[in-house]
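See below for the structure under consideration.
The chain is numbered in sequence order, starting from 1. Atoms considered below: every heavy atom in the structure, side chains included; atoms not considered: hydrogens, waters and symmetry mates.
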Amino acid sequence: MGQIIRSGECRNSPKNAAMEEVAVAIFHDPHDHLRQFLAEDVTLYLADGTVIEGSDATSLYIAREVRRSFDTLKIDHAITHGRVGAANALVTTDGRQAGFSIFVDYVNTKADRLKAIKLYGF
């Protein structure tokens with residue numbers, strides 16, 4: 001695992017902090033922490049048009065196809081409003097940087113379960 005640099009913007013917002021946890025768990029999740037955020041009927045949307053349905057399939061896809069080793073993961077922003085959330089970040093691997101973003105829809109305004117995840121830059 002590489003260095004994780006959090007945004008520092010989430011201290012006063014538990015929902016924003018949870019969104020930041022989701023962003024981190026996309027890349028580093030040795031204890032399957034992301035799983036606790038997924039609704040059973042979650043849908044994962046990829047930038048190429050691929051759609052993956054269900055918590056098992058989503059968790060497996062992220063573990064096998066998205067999660068990777070990195071030198072630095074820097075979360076720029078993690079925000080939520082009502083039933084939606086977003087995060088953007090830079091990941092550095094072997095001196096190369098790549099940006100990515102995550103947009104989510106929550107089941108409810110408590111923002112404790114993800115209904116949909118949209119990944120860009122993976």
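Using modelled atom types, one side-chain atom of N16 and one backbone atom of T80 make a donor-acceptor pair closer than 3.5 Å.
Hydrophobic clustering, with ILVMFWY side chains joined whenever heavy atoms are under 4.5 angstrom apart, keeps F103 apart from L44. Under the 4.5 Å side-chain heavy-atom criterion for grouping Ile, Leu, Val, Met, Phe, Trp and Tyr, F37 is not connected to V107 through any hydrophobic cluster. Taken together through direct or relayed side-chain contacts under 4.5 Å among Ile, Leu, Val, Met, Phe, Trp and Tyr, I52 and V42 form part of one hydrophobic cluster. Both L46 and L114 sit in one connected hydrophobic cluster of ILVMFWY residues. Membership requires side-chain heavy atoms under 4.5 Å apart, directly or through other members. Both V104 and Y61 belong to a single network of hydrophobic side chains, linked directly or stepwise wherever heavy atoms of I, L, V, M, F, W or Y lie under 4.5 Å apart.
Between A25 and L34, the closest heavy-atom pair is CB-CB, 3.8 Å. Here the closest heavy-atom approach between residue A23 and residue I102 is recorded as CA-CD1, 3.6 Å. Across all non-hydrogen atoms, the minimal contact from A116 to Y45 is CB-CE1, 3.9 Å. Taking every heavy atom of both residues into account, E20 and G8 meet most closely at OE2-N, 4.3 Å.
Using a cut-off of 4.0 Å between Lys/Arg side-chain N and Asp/Glu carboxylate O, D29 and R67 are scored as salt-bridged.
Put simply, CD1 on I75 and CD1 on I5 are 9.5 Å apart, with the number rounded to the nearest 0.5 Å. In this structure, CG on D76 lies 14.0 Å from CZ on R6, to the nearest 0.5 angstrom. Distance check: T72 OG1 to L90 CG gives 10.0 Å after rounding to the nearest 0.5 Å. A distance of 6.5 Å separates NE2 of H28 from CZ of F70, quoted to the nearest 0.5 Å. Taking CG from D105 and CZ from R113, the interatomic distance works out to 16.0 Å, rounded to the nearest 0.5 Å. E40 CD to D56 CG: the interatomic distance, rounded to the nearest 0.5 Å, is 6.5 Å.
With a 6.0 Å radius and a threshold of 12 heavy atoms from other residues, nucleotides or ligands, H33 has its NE2 atom above the threshold. Heavy atoms from other residues, nucleotides or ligands lying under 6.0 Å from CG of D48 number more than 12. The neighbour count for K115 NZ, taken as heavy atoms of other residues, nucleotides or ligands under 6.0 Å away, does not exceed 12.
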Going through the distances and angles, do L60 and I62 end up as a side-chain contact (heavy atoms from CB on, under 4.5 Å)? CA-CA 6 Å; L60 186 63; I62 289 172; over 6 Å; no
Where do D71 and T92 land on the side-chain hydrogen bond (donor to acceptor under 3.5 Å, both in side chains) test, with the steps shown first? CA-CA 6 Å; D71 298 324; T92 305; over 6 Å; no
For R35 and S59: C-alpha separation, side-chain torsions, deciding distance, then whether side-chain contact (heavy atoms from CB on, under 4.5 Å) applies. CA-CA 7 Å; R35 187 90 158 138; S59 186; 3.8 Å; yes
Determine whether Y120 and K118 satisfy the following criterion, side-chain contact (heavy atoms from CB on, under 4.5 Å), listing intermediate values before the conclusion. CA-CA 7 Å; Y120 299 95; K118 298 158 192 99; 3.8 Å; yes
Output, in order, the C-alpha distance, side-chain angles, deciding distance and verdict of salt bridge (Lys or Arg N to Asp or Glu O under 4.0 Å) for D112 and K15. CA-CA 8 Å; D112 59 354; K15 286 172 56 175; over 6 Å; no
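When ring centroids are compared, F100 and F27 come within the 6.0 Å threshold.
By the 4.5 Å heavy-atom criterion applied to side chains, V66 and I26 are counted as neighbours.
T43 and E53 are not linked by any side-chain donor-acceptor pair at a separation below 3.5 angstrom, with hydrogens and angles left out of the test.
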